[in-house]
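First comes the structure, then the notes that go with it.
Because the structure is predicted, anything quoted here is derived from the model rather than measured. Atoms within each ligand, like the ligands themselves, are counted from 1 in listed order.
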Amino acid sequence: MKKRILVNTGGGDCPGLNAVIRAIVKSADLDPDNEWEVIGSIDAYNGILLEPMELMELTPEVVGGIHVQGGTIIGSTNKGGPYAWPIKNADGTWSAVDRSDELVRKVQMQHFDAVISIGGDGSQRISQQLFEKGFPVIGVPKTIDNDLGSTDYTFGFQTAVETATEALDKLVTTAASHHRIQILEVMGRDAGWIALSAAVAGGAEICLIPEIPYDVDKIISVIHDRMNGKRRFANIIIAEGAMPKDGQQSTDPDNEIGRNNVKLAGAALELSRLIKERGYNYDIRETILGHLQRGGTPNPFDRILATQFGVKAFELAKAEKFGQMVAYRHPNIISVPIKDAIRKYKLVDVNSDLVNTARKTGICMGD
Ligand code: F6P
């Protein structure tokens with residue numbers, strides 16, 4: 001009898017998801033010991049929980065060539081999930097119900113031998129809870145934010161940094177032509193990895209990350225020196241989760257049904273407002289890079305990492321090493337308990353070499 005693997009992609013998408021799916025299917029197909037079937041659950045676990053189920057057979061033909069495509073051919077969602085499935089009440093309000101036991105049962109009834117769940121922090125937390133119920137799950141870490149513990153990098157991050165750096169490079173030339181302040185807002189939630197990496201790669205004047213709350217007066221003094229010096233323009237890169245000292249992150253109050261975390265939005269505009277509020281009338285323009293960072297074809301680094309993760313995830317599934325997550329510890333692909341990976345977010349260490357490099361190359365970190 002064929003062995004069966006269920007694959008899902010959960011949370012915000014990122015470049016490289018398809019490369020993982022392809023690698024799982026290819027290594028399953030080439031396995032000399034067993035015959036395997038790989039099935040995708042559409043939109044994370046929704047594919048199993050919906051009636052009728054929404055599943056997709058993932059054959060070598062289906063996944064041929066998809067490693068170069070952005071997105072995920074099996075869909076994703078960052079809302080709801082088996083522990084907080086949204087249901088509409090009679091009065092029009094929404095509640096969340098726990099359908100995790102039903103999920104475990106349905107996966108058993110479908111005779112899946114292993115489940116490979118490709119996702120970020122939220123998805124890995126779900127995987128750990130399910131594993132504690134005896135669910136045969138293997139985790140594959142993904143996120144452009146690079147904030148998952150236990151792995152040097154998640155795939156998708158390097159492509160996002162490339163997109164952010166390219167945007168910064170373009171803003172530098174227009175800032176120089178018009179003697180302006182350009183503020184570029186990038187993603188990353190509570191981690192400043194994308195902002196810091198792009199700032200060093202692109203040579204921003206100011207880089208603001210959530211790990212270092214910023215001092216508006218310090219920023220103004222850097223801008224002032226710059227505008228009164230030879231190079232009369234300045235580029236600021238700000239992470240969406242950055243905040244002023246004694247201030248808060250900028251958020252969007254729009255509550256999407258089933259959403260598990262607050263929507264960050266407005267960091268660049270808030271900085272602009274704080275500068276102007278102090279009476280400075282520089283020409284300032286804000287660019288919000290948004291989901292461009294999550295789309296498009298993965299760069300070679302992310303394709304390679306994603307492919308290595310897919311192969312390792314299949315090996316773990318075959319060896320029945322459940323409750324483990326694949327991880328990258330240069331130069332090796334290893335596995336770690338999922339519970340260790342989710343213990344704490346991997347934030348930028350403010351005393352790290354990369355922050356030091358930024359400071360020593362003249363980038364103001366806002367403090
Ligand atoms: O976690 C990945 C991420 O892209 C964050 O950087 C960002 O805050 C969030 O997802 C955006 O999510 P959504 O797709 O719901 O807008």
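For ligand 1, the atoms closer than 4.0 angstrom to any heavy atom of Arg189 are 5 (C), 6 (O), 8 (O). The atoms of ligand 1 that sit less than 4.0 Å from any heavy atom of Asn78 are 12 (O), 13 (P), 14 (O), 15 (O). The His291 neighbourhood of ligand 1 comprises atoms 13 (P), 14 (O), 16 (O), with distances under 4.0 Å to a heavy atom of that residue. Short contacts between ligand 1 and Arg259, defined as distances under 4.0 Å to a heavy atom of the residue, involve ligand atoms 12 (O), 15 (O). The Gly188 neighbourhood of ligand 1 comprises atoms 6 (O), with distances under 4.0 Å to a heavy atom of that residue.
Among all non-hydrogen protein atoms, the one lying nearest atom 8 (O) of ligand 1 is Glu240 OE2, 2.6 Å. In terms of protein heavy atoms, atom 11 (C) of ligand 1 is closest to Arg294 NH1, 3.5 Å.
Considering all non-hydrogen atoms of both residues, Val186 and Ala164 come closest at CG1-CB, 3.9 Å.
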Exercise. Between Trp193 and Thr143, does a side-chain contact (heavy atoms from CB on, under 4.5 Å) hold up when you go through it step by step?
Worked result: CA-CA 11 Å; Trp193 293 108; Thr143 164; over 6 Å; no

For this session: Starting from the C-alpha separation in whole Å, work towards a yes-or-no answer on side-chain contact (heavy atoms from CB on, under 4.5 Å) for Ser76 and Asp43.
Result: CA-CA 4 Å; Ser76 189; Asp43 297 345; 5.7 Å; no

Exercise. Arg303 and Thr297: side-chain contact (heavy atoms from CB on, under 4.5 Å), yes or no, with the steps?
Worked result: CA-CA 9 Å; Arg303 285 185 209 179; Thr297 185; 3.2 Å; yes

Problem set entry | Steps toward side-chain contact (heavy atoms from CB on, under 4.5 Å) verdict (Ile219, Leu208) | CA-CA 10 Å; Ile219 292 169; Leu208 307 175; 3.7 Å; yes

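Asp101 has no carboxylate O lying under 4.0 Å from a charged side-chain N of Arg105, or vice versa, which leaves the two without a salt bridge.
Checked against a 3.5 angstrom limit, the closest N/O atoms of Asp145 and ligand 1 fall inside it.
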